[in-house]
Participant: 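Here it is, the structure in full.
Here is the naming used below: chain letters follow the sequence lines, and residue numbers restart at 1 for every chain. Remember, predicted model here, so these are calculated numbers, not experimental data.
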Amino acid sequence: MDSILLSALVFSPIVGILVLLFVPKAEEAAIKGVGFLATLLPLALAFIVYFGFDNTKETLQFIEQHKWIDFNLQSLQNGGDFTVSYELGVNGLSVLLLLLTAIVSTLAAAASVWIKDQTKGYFLLFLLLEIGMLGVFASQNLLLFFIFFEITLIPTFFLIGKWGYLDKEKAAFSFLIYNGLGSAILLIVFIILYMKTGTMNFTGLSAFLSQSPEMLERMYIGDNFRLGLLIALLVALGVKLPIVPLHSWMLQVHVQAPPSIVMIHSGILLKIGAYGLYQFGLGFFPGEFEKIAFWIALLGVINLLYGAFIAFVQIDFKKVLAYSSVSHMGIVLIGLGSLTDAGVQGAMFQVISHGLISALLFFLVGLMYQRTGTSLITHLGGISRVMPITAGFLLAGGLASLGLPGMSGFVSEFMAFLGLFKVMPALAAIGTLGIILTAVYMLRAVLAITFGETIEPLTKIKEARFVEWIPALVLTLLIVLIGVYPAVLSDMLQLTINAMMAGRGAVV
Amino acid sequence: MNPIIWLIPVLPLLSFVLLLLFGRRLKEASAVVGSLLTLGSLILSVVVFMGQWGGASVKQTAEWLAIGDTVLTVGYEINPLNALMLVIVSFVSFLIQVYSKGYMHDDDRFPVFFAYLGLFTFAMLGLVISPNLLQLYIFWELVGVGSFLLIGYYFYKSEAREAAKKAFIMTRIGDVGLFIGIILLFWQVGSFELDAIFDAVTAGDISQGWITLTAILIFVGAIGKSGQFPLHTWLPDAMEGPTPVSALIHAATMVAAGVYLVAAMFPLFEASEAALTTVAVVGGFTAIFAATIGLAQADIKRVLAYSTVSQLGYMMLALGSSGYVAGIFHLTTHAFFKALLFLAAGSVIHAVHTQNIHEMGGLWKKMKWTAPLFLIGAMAISGVPLLSGFFSKDEILAATYADGRFGLFWIAVIATFLTAFYMFRLFFLVFTGESQGKVKKVQESPGVMVFPMVVLGILAVIAGYINTPVTPILDDYLAQNPYLEIHHHESYWWIPIVATVVSLFGIFMAWLVYAKKKVKRLSEASPDFHFILLNKYFIDETYDYSFVKGTRGFSYFWYYIDRFVVEGVIQLVTGAVGWISKTSSKAHNGQVQLYGSVAFAGMAVLLLIVAWLGGYLT
């Protein structure tokens with residue numbers, strides 16, 4: 001069954017790129033309009049994939065497979081032919097991530113109205129970035145994954161470096177160097193895997209690597225070798241997630257990049273790290289993952305607390321959110337490290353949930369910056385009086401972020417901790433300190449901005465118009481939907497996670 | 001699905017949504033919408049409550065979330081305890097909304113206020129009907145948000161902001177205890193369902209140590225929500241919210257949720273003597289501790305707030321002494337007389353525009369309704385015979401004595417004296433003597449505010465008769481719970497007499513000090529002690545210097561580590577790379593001599609390596 005739906009989805013932003021090429025540079029309004037409309041096509045296709053996905057089957061769906069590259073290396077012992085195919089396909093998790101990507105991209109495109117100059121170049125890169133992100137989640141093969149992964153890097157580099165704030169160049173270079181190093185390690189791991197196994201297909205690799213240890217040992221893929229590969233993966237993807245202490249670059253990006261790009265960056269790009277850890281780490285090396293599960297959970301708790309403590313003393317709201325992202329990605333590690341159904345599902349929930357919440361919060365940062373010209377907590381204050389609706393959304397976003405029940409953050413946090421308490425109760429108990437700290441830093445920042453006396457220069461600001469807060473409304477509704485009815489996600493994830501865990505006889 | 005039951009919480013939720021969307025257009029009509037929908041909940045609650053007499057408990061659940069093979073559910077369960085709570089909550093909420101129509105009259109965010117009240121009522125009713133701990137936790141947090149929003153209702157005041165933040169964070173500290181307790185129980189029992197947990201406890205499937213641990217962790221949640229020591233400091237500050245909110249959330253309903261939680265989980269607590277003792281000691285200590293602070297406060301609402309903390313301590317003491325019925329009984333009567341006291345205080349504040357009792361006085365004649373109603377409330381809480389508080393407090397004292405906790409019994413008796421004293425201190429300072437206030441033309445509040453007070457006043461008088469030694473209605477009613485064994489202790493004829501004498505003595509002393517002015521006030525008699533009480537034993541300051549400043553210092557420490565060490569290492573690495581490339585680019589200077597010598601040196605090194613590897617050197 002060969003459908004081209006996924007290819008169409010992944011490459012659909014090209015339509016927008018082509019149209020944009022014919023719009024004159026000076027027609028800013030037209031460019032913004034086309035740029036926004038262009039994201040609706042992948043959005044529509046992502047919804048078709050979402051509704052077309054049969055979540056009662058645990059197999060990959062919408063599979064596409066074409067022979068792509070074929071070469072022969074005589075000199076190698078296992079010699080033979082090497083083929084790389086063009087392979088796309090989705091499981092429950094990647095369907096959700098594709099949909100998340102499409103939604104956040106559309107909303108970020110809407111938030112791009114605040115981009116002032118050279119909008120044509122901006123939107124061309126923006127759409128290219130979207131292709132990369134969609135491709136990453138639809139790929140079923142290492143090479144394709146890697147290519148799309150690299151495609152996300154380059155547009156992001158320019159988008160930060162050109163349209164960011166004061167220190168944008170430095171941030172863009174940090175971004176490129178860190179992620180470049182990360183992807184170099186990733187590439188090495190991929191190549192080793194390919195040379196050792198002769199396949200690049202995800203399913204093929206999982207199957208190959210699940211042979212008995214003796215078999216693998218004979219093929220020079222012994223226990224320690226696999227452990228080494230997993231740790232290399234952890235470092236490579238740890239840059240992306242990020243895992244403390246590999247996080248410095250993302251702080252700069254959060255602060256310096258334009259809000260619309262941070263929505264994408266924090267909402268989607270960081271999630272590639274989590275997705276990779278799940279798909280490759282857990283998928284290829286389940287046994288080794290189990291060996292270092294404690295350390296992964298420990299790193300998770302460290303991330304959680306480290307980010308939370310530091311977020312407490314930041315005066316730039318963007319930095320609060322940046323450290324908050326570090327902290328929240330800790331939950332992903334905690335869930336994965338628990339290696340329980342509950343924990344892994346919690347981690348995946350957190351990936352989606354944090355994508356929506358951080359997109360919401362950064363959208364609001366952009367909205368406020370547009371009017372006040374600042375994101376410093378000390379320069380904002382009492383905006384509830386002048387912008388009651390924006391302030392209301394900000395409060396809702398803050399509450400979602402601190403894991404209020406009824407919103408998506410709670411479900412993921414709860415499941416991740418449920419899992420961790422099963423296997424490492426002491427570590428989990430230390431981690432719960434993060435639940436308190438998140439409330440402390442979030443409320444401190446959000447209330448300082450919204451409540452209190454309205455600071456003098458802010459008294460004349462106008463509330464956002466209705467169209468401006470539609471993205472915030474959409475995101476808030478999605479966050480509440482997941483919080484109230486988590487089955488919208490779990491129905492999609494169930495079988496995928498079960499299949500993943502089944503290989504290792506998991507507990508709840 | 002029985003629509004009568006699930007509509008109970010849904011109606012206030014509807015009110016929240018409607019008012020949020022259309023509040024601006026509805027304006028003052030918001031109060032009507034909110035009150036009518038809550039009245040709907042009240043009527044349905046009464047129907048459900050009636051159905052509980054002799055009826056078995058009802059339970060209905062639906063799938064919420066599947067994790068692996070485990071299915072988590074949501075739904076509702078009605079048993080004698082929560083049917084009673086439903087009525088109390090919806091009833092007080094309805095009266096408060098009626099009252100608020102008058103109290104919040106000229107507020108420009110009027111609809112928002114009623115929307116928040118709807119949200120709170122929804123969450124509280126949802127909490128009460130939860131059949132499992134997870135759902136209970138969800139609503140537990142949501143009532144916290146309702147409380148948070150309403151404390152911070154006057155958001156432009158920085159005190160309100162700080163109070164709201166404090167309330168959220170302090171209760172969240174407790175909530176984390178509850179969170180851990182629930183999860184640990186889940187891994188012991190394999191379910192969040194209350195009946196599954198009780199079955200496991202009864203069957204002895206859980207070890208004693210786990211029962212004690214989880215019960216105490218759950219109690220930590222109750223400590224936070226019910227303002228028990230040492231997490232009580234948020235409750236007095238919560239008085240920054242509008243007074244009707246203080247009456248509803250911070251007196252009658254939400255703060256009682258902690259007591260409700262312990263009562264709802266009572267089979268678990270009963271299985272552990274250590275857990276019960278913890279509950280009793282914390283409750284007893286809080287009862288007397290908060291009562292002493294109440295002696296010295298000058299803000300009318302803060303006195304009532306400390307009084308609430310103290311009374312909640314009584315309820316905990318009762319539960320910890322196996323006095324299940326006594327605790328619930330006091331929760332019920334307290335809901336009525338404390339809501340009454342707050343509403344009367346609100347009526348006074350509404351009239352004189354101050355909360356400082358030293359700026360009031362002489363209001364007895366000017367407020368023909370409020371003053372006697374306040375007096376009824378004060379008499380009820382003080383335990384004046386034949387009013388509601390008298391019966392419920394005697395029950396608690398008797399339960400404590402019967403349980404053999406004699407030390408706590410006498411502490412509770414002394415707290416009774418203090419309660420009577422501080423309540424009548426308030427009464428005499430506010431209503432008798434000469435007017436000290438600036439507002440000369442004091443007016444009684446409008447009928448829409450007086451009506452709820454009258455209703456509560458009547459209940460404050462008669463609510464006690466649901467459980468007298470002669471008419472043990474509540475006893476029999478609550479005993480229908482299959483997991484509970486209601487302890488019937490012998491009645492002690494002397495306890496009511498001692499309690500009455502002590503509380504009347506308290507009233508008499510207050511009269512001597514504040515009305516007759518025959519005896520020196522505490523501030524004159526013992527200024528140092530008064531100073532300590534006035535500053536609430538400096539607990540806020542202690543927390544500020546230890547936890548708050550400690551956390552901040554710790555955070556800065558890590559922030560600097562992040563900035564200088566983590567970034568520093570990176571700078572070092574990039575710097576080193578830069579240095580190497582710079583140095584080597586310097587070598588490319590175009591001089592043949594240098595190239596030649598480098599090439600020669602390189603060849604020498606290569607030869608050396610080859611020689612080494614070839615084994616020529618060894």
Participant: When only pairs under 4.5 Å are counted, which of B:I561, B:D175, B:L149, B:I169 shares the most heavy-atom pairs with chain A?
Facilitator: B:I169
Participant: Contact part of A:I177 toward chain B, heavy-atom cut-off under 4.5 Å: side chain, backbone, both or neither?
Facilitator: neither
Participant: Any non-hydrogen side-chain atom of B:Y137 less than 4.5 Å from a side-chain atom of A:F410?
Facilitator: yes
Participant: Against chain B, label A:L246 side chain, backbone, both or neither, depending on which of its atoms sit under 4.5 Å from a heavy atom there.
Facilitator: neither
Participant: I'd like to verify something: which residue of B:T551, B:L142, B:V569 has the highest number of heavy-atom pairs under 4.5 Å with chain A?
Facilitator: B:T551
Participant: Would you mind checking which part of A:V484 comes under 4.5 Å of any heavy atom in chain B, side chain (CB onward), backbone (N, CA, C, O), both or neither?
Facilitator: backbone
Participant: Highest number of heavy-atom pairs under 4.5 Å with chain A: which of B:F139, B:W140, B:F192?
Facilitator: B:F192
Participant: Could you check which of A:A487, A:A439, A:P486 has the highest count of heavy-atom pairs closer than 4.5 Å to chain B?
Facilitator: A:P486
Participant: Quick one: of A:Y178, A:Y306, A:Y485, who has the most non-hydrogen atom pairs under 4.5 Å with chain B?
Facilitator: A:Y306
Participant: If you take all heavy atoms of B:G68 and A:N498, which pair is closest and at what distance?
Facilitator: CA-OD1, 4.2 Å
Participant: Going by side-chain contact (heavy atoms from CB on, under 4.5 Å), B:K165 matches just one of A:L447, A:V440, A:V446. Which one?
Facilitator: A:L447
Participant: How far does CE of A:M407 sit from CD of B:E141, to the nearest 0.5 angstrom?
Facilitator: 12.5 Å
Participant: If you count heavy-atom pairs within less than 4.5 Å of chain B, which of A:E453, A:Q494, A:R444, A:M415 leads?
Facilitator: A:Q494
Participant: To the nearest 0.5 Å, how far apart are CG in A:L305 and OG in B:S555?
Facilitator: 10.5 Å
Participant: Which is it for B:F168 and A:L399 under the side chain to side chain contact (heavy atoms under 4.5 Å, CB included) test, yes or no, and what are the steps along the way?
Facilitator: CA-CA 11 Å; B:F168 196 95; A:L399 290 173; 4.3 Å; yes
Participant: Got B:Y156 and A:S384 here, is their nearest side-chain heavy-atom distance under 4.5 Å?
Facilitator: no
Participant: Using heavy-atom distances under 4.5 Å, tell me whether A:F173 contacts chain B through its side chain, its backbone, both, or neither.
Facilitator: neither
Participant: Does B:A66 offer a backbone N or O that forms a donor-acceptor pair with the side chain of A:Q345 under 3.5 Å?
Facilitator: yes
Participant: Is A:L251 close to chain B through its backbone or its side chain, or both, or neither, when contacts mean heavy atoms under 4.5 Å?
Facilitator: side chain
Participant: So that I know where these two stand, are B:Y559 and A:Y441 an aromatic pair - ring centroids less than 6.0 Å apart?
Facilitator: no
Participant: Under the criterion side chain to side chain contact (heavy atoms under 4.5 Å, CB included), I'd like the reasoning laid out for A:F349 against B:L65: C-alpha separation, chi angles, the key distance, then a yes or no.
Facilitator: CA-CA 12 Å; A:F349 262 72; B:L65 174 63; 4.2 Å; yes
Participant: Would you mind checking which part of B:F557 comes under 4.5 Å of any heavy atom in chain A, side chain (CB onward), backbone (N, CA, C, O), both or neither?
Facilitator: neither
Participant: Checking A:T450 against chain B: side chain, backbone, both or neither under 4.5 Å from a heavy atom?
Facilitator: backbone
Participant: Just checking B:Y543: does its OH atom have more than 12 heavy atoms from other residues, nucleotides or ligands closer to it than 6.0 angstrom?
Facilitator: yes
Participant: What distance separates A:F421 CZ from B:I180 CD1, expressed to the nearest 0.5 Å?
Facilitator: 4.0 Å
Participant: Has the side chain of B:W187 got a donor or acceptor atom that lies under 3.5 Å from a matching backbone atom of A:L418?
Facilitator: yes
Participant: Give, for atom CD1 of B:I67 and atom CG of A:D341, the distance between the pair rounded to the nearest 0.5 Å.
Facilitator: 8.5 Å
Participant: I want to check something: taking the side chain as every heavy atom from C-beta on, are B:F148 and A:L404 in contact at a cut-off of under 4.5 Å?
Facilitator: no
Participant: Relative to the ring of A:F451, is the ring of B:F155 parallel (under 30°), tilted (30 to 60°) or perpendicular (over 60°)?
Facilitator: tilted
Participant: Would you say B:R172's side chain and A:I435's backbone share a donor-acceptor pair under 3.5 angstrom?
Facilitator: yes
Participant: In terms of heavy-atom pairs under 4.5 Å with chain A, which of B:L134, B:V74, B:I182, B:V566 leads?
Facilitator: B:L134
Participant: Atom CZ of residue position B:F564 - does it have more than 12 heavy atoms of other residues, nucleotides or ligands inside 6.0 Å?
Facilitator: yes
Participant: Which residue out of A:I310, A:L489, A:V313, A:L437 racks up the most heavy-atom pairs below 4.5 Å with chain B?
Facilitator: A:V313
Participant: What is the distance from atom OG of A:S248 to atom CD of B:Q571, rounded to the nearest 0.5 Å?
Facilitator: 9.0 Å
Participant: Does any heavy atom of chain B fall under 4.5 Å from the side chain of A:F417, the backbone, both, or neither of them?
Facilitator: both
